[in-house]
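Lettering follows sequence order; numbering is per chain, from 1. Note that this is a predicted model, so its numbers are computed, not measured.
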Number of protein chains: 2
Amino acid sequence: MLVSNHARPTLEDVAARAGVSRATASRVLNASPRVSPEALEAVNAAVTALGYQPNRAARALVTRRTGAVAVLFSEPEPKIFDDPHFARLIRAGARALADMDVQMVLMLVHSPDDQARAHRFLAGGHVDGALVFAPHRNDELVSIVKKLPLPVVYAGKPWGSLRGMHLVDNDNEGGAVLATEHLKSLGRKKIVHVSGPLDELSAIDRLNGFRAALSLDDKAVARVTEDGGFTREGGRKAMSALLARVPALDAVFVASDLMAAGALETLAEAGRRVPQDVAVVGFDDHVAIAEHTSPPLTSVRQDSDEQVKVMVEHLMKLLRDETVKKKQQMLPTVLVPRESA
Amino acid sequence: MLVSNHARPTLEDVAARAGVSRATASRVLNASPRVSPEALEAVNAAVTALGYQPNRAARALVTRRTGAVAVLFSEPEPKIFDDPHFARLIRAGARALADMDVQMVLMLVHSPDDQARAHRFLAGGHVDGALVFAPHRNDELVSIVKKLPLPVVYAGKPWGSLRGMHLVDNDNEGGAVLATEHLKSLGRKKIVHVSGPLDELSAIDRLNGFRAALSLDDKAVARVTEDGGFTREGGRKAMSALLARVPALDAVFVASDLMAAGALETLAEAGRRVPQDVAVVGFDDHVAIAEHTSPPLTSVRQDSDEQVKVMVEHLMKLLRDETVKKKQQMLPTVLVPRESA
DNA sequence: CTTAGCGACTCAAAGGTTTTCATCGAGGAG
DNA sequence: CTCCTCGATGAAAACCTTTGAGTCGCTAAG
């Protein structure tokens with residue numbers, strides 16, 4: 001019997017079969033230009049014949065590259081699985097990284113324990129880079145990641161100085177302007193806002209867009225805005241508060257679809273018809289929510305899939321040591337009209 | 001200056017500092033018994049002093065263990081991010097695997113392309129084992145995984161022979177009996193069922209529980225059951241169909257909360273009051289849904305966190321070559337009463 | 001007194017790949 | 001015909017850890 005060896009073939013085997021040295025075989029695999037056409041073909045043939053797969057560990061050992069990327073979320077877990085937004089981000093990350101043949105290591109980092117673990121893990125060199133979703137003010141995760149010599153791309157603007165940071169953000173402010181202008185164009189006069197938690201810059205940007213579109217001063221903003229914490233329940237409560245404070249309101253721009261769903265419930269309970277009495281615009285355009293509220297929700301679309309894809313591409317460039325033209329990118333948002341406004 | 005070397009310390013450095021050989025240091029790290037207390041302490045001190053972290057690649061190379069586990073979902077992507085059930089599973093997986101200091105490699109495997117990639121990846125020895133979520137009949141992912149020499153634990157029963165397969169299932173049938181008995185105990189006489197897609201064994205088990213609790217024959221089952229496909233929209237449609245076919249129905253057991261949400265919408269549109277006219281019980285007890293339907297949904301709880309945790313523990317045992325007493329485990333389900341029944 | 005046994009170590013090989021450096025041969029310039 | 005250059009290739013080192021075999025100093029048994 002020749003080779004009934006059940007073990008996985010190594011580069012040595014490939015080289016032997018192709019009649020070249022290990023070095024040449026390696027060069028073929030890594031697309032080095034310094035290799036003759038014949039050798040190239042012979043090696044490729046051997047690779048397919050043997051079903052050869054490079055040993056990741058051996059490669060990582062010498063290249064000091066792991067072929068893995070960490071995806072870090074600092075959000076508390078309940079939020080992560082109540083808000084479909086996160087499922088979408090995770091899914092997009094899995095897809096985009098798989099397309100690059102990179103392993104995705106998902107970490108949920110909230111408790112101090114998690115943070116310590118994350119620090120150990122990232123400092124341990126177990127990944128080549130990281131995608132970080134940490135929107136909150138003074139987020140410990142950001143501090144941890146910042147001081148590590150690790151390429152990182154952030155989703156949205158992390159709090160604090162943005163100097164030298166790589167990030168991909170959505171045009172939150174622009175989207176908010178879109179939403180508010182839309183309500184104005186419907187002839188609404190008393191427009192209020194359910195904001196996200198104001199320790200997140202995306203929430204602040206949306207608030208700023210709302211404010212700018214209506215040219216409100218500080219006092220006016222305070223009166224017509226209520227924090228809904230980016231949760232459904234928060235949306236309900238914020239809407240109640242606004243109804244109490246501004247009974248004559250005829251439109252509301254809600255900074256997330258999940259909150260908008262809560263707000264719609266409150267409006268229904270209060271007997272306000274949507275959109276006749278109150279026009280409602282959400283943010284996210286999360287179809288699983290927006291298409292199932294009653295009435296279906298007009299919303300601002302931010303393309304999370306695209307955002308994550310761009311983040312991944314950006315990170316890959318960093319890993320390849322390419323110079324990136326723009327460290328900070330902004331993705332456009334568009335208004336998706338449905339029936340609520 | 002002594003050691004301004006910015007590079008990560010190696011085992012060699014640790015050994016040198018502890019005044020022992022690399023081998024001894026290694027044994028300390030791997031908790032080998034054959035090491036003196038003094039050496040142990042010296043090595044541990046050196047480890048903390050240097051902030052030493054074993055090089056995963058080097059270790060993987062020699063142990064032929066990667067320290068990573070794949071988590072595979074065969075569900076189509078839209079479903080994965082519309083149904084909070086999956087977010088919960090992914091979250092639980094991330095948590096449980098992190099607790100074991102194992103990397104989680106998430107893969108969504110639906111298209112033939114994905115399948116090919118998954119095959120390559122798994123066959124390539126890039127992970128030590130896998131957790132598989134592939135509930136459908138003739139699921140290609142199962143065939144792929146089955147013929148690989150890779151330890152695998154399934155979530156729920158995969159279709160086909162279960163011989164020798166390791167799995168952790170929920171007591172779907174028992175839960176369905178619970179739900180149906182509950183409806184009976186409320187005095188309901190015309191109980192119908194919105195099932196999941198009947199190419200999933202969990203859906204079949206739930207249907208069987210329903211059937212058993214009511215002692216229905218084939219014909220009766222066919223009349224009072226409608227497939228809702230485990231989607232919200234499917235739930236709406238199935239409920240409509242059942243209302244048309246069994247106008248006098250006074251209770252419905254819906255095989256998932258997401259479908260139940262849809263069914264409730266249909267019932268509301270049809271002017272049936274819940275629970276007065278129609279009592280409704282769901283399945284999953286997904287709080288993000290069940291607590292936000294109107295009225296809040298009575299549901300059967302299956303503890304997905306626990307399920308995933310048990311799966312992970314089971315897989316770890318397989319990886320340690322421990323003999324597992326029970327290859328196939330079943331987790332209990334309980335009824336969580338709210339207002340819909 | 002010899003020797004087997006034992007515990008705690010150390011040595012050194014092995015694991016699979018990339019990469020530097022040297023070599024080899026061919027072809028062109030002088 | 002000789003000397004160089006240049007491109008393709010091979011030999012070997014390096015990456016860091018685990019682990020089986022071997023060493024060393026003792027004690028207990030024969």
Point-to-point distance, once rounded to the nearest 0.5 Å, from CE of M107(A) to CD of Q115(A)
11.0 Å
Return no unless some side-chain N or O of T10(B) is found under 4.0 Å from OP1 or OP2 of dT17(D).
yes
Is the distance from OP1 or OP2 of dT10(C) to the nearest side-chain N or O of T24(B) less than 4.0 Å?
yes
Does N44(A) reach the main-chain N or O of E41(A) with its side chain, forming a donor-acceptor pair under 3.5 Å?
no
Across the strands shown, which category fits A39(B) at heavy-atom distances under 4.0 angstrom: base, sugar-phosphate, nothing?
sugar-phosphate
Among V71(B), L97(B), V153(B), exactly one meets side-chain contact (heavy atoms from CB on, under 4.5 Å) together with V312(B). Which residue is that?
L97(B)
Using a cut-off of strictly less than 4.0 Å, decide whether S36(A) has a side-chain nitrogen or oxygen near OP1 or OP2 of dT9(D).
yes
Test side-chain contact (heavy atoms from CB on, under 4.5 Å) applied to V35(B) and T24(B), step by step:
CA-CA 7 Å; V35(B) 59; T24(B) 304; 4.0 Å; yes
Taking for each residue the nucleotide of DNA chain C bearing the nearest heavy atom, is the 5' side occupied by L40(B) or by A57(B)?
L40(B)
Residue-phosphate contact under 4.0 Å: Y52(B) side-chain N/O, dT17(D) OP1/OP2
yes
Mind checking R34(A) for me? I need base, sugar-phosphate or nothing, with any heavy atom below 4.0 Å counting as a touch.
base
From CG of L61(B) over to P of dT19(D), roughly how many Å is that when rounded to an integer?
12 Å
Can you tell me how far P of dG16(C) sits from CZ of R59(B), to the nearest Å?
18 Å
With respect to the phosphate group of dT9(D), does any side-chain polar atom (N or O) of R22(A) fall under 4.0 Å of OP1 or OP2?
no
How would you label the contact of R27(A) with the nucleic acid (heavy atoms, under 4.0 Å): base, sugar-phosphate, or nothing?
base
Can you check the E12(B) CD to dT10(C) C1' distance for me, whole Å?
12 Å
Whole angstroms only, please: what is the CG-P distance between L11(B) and dG15(C)?
20 Å
When rounded to whole Å, the CG to C1' distance for the pair L29(A) and dT17(C) reads 10 Å
Protein-nucleotide distance (R64(A), atom CZ; dA14(D), atom C1'), rounded to Å
9 Å
Out of dT18(D), dA11(D), dG15(C), minimum distance to the side chain of N30(B) belongs to dT18(D)
Nucleotide dC16(D), atom C1' - distance to CG of L50(B) in whole Å
15 Å
CZ/R59(B) to CG/L29(B) distance, rounded to the nearest 0.5 angstrom?
6.5 Å
Under 4.0 Å, heavy atoms only, any strand: does S26(A) hit a base, just the sugar-phosphate, or nothing?
base
What's the CD-C1' distance between E38(A) and dG7(D), to the nearest Å?
12 Å
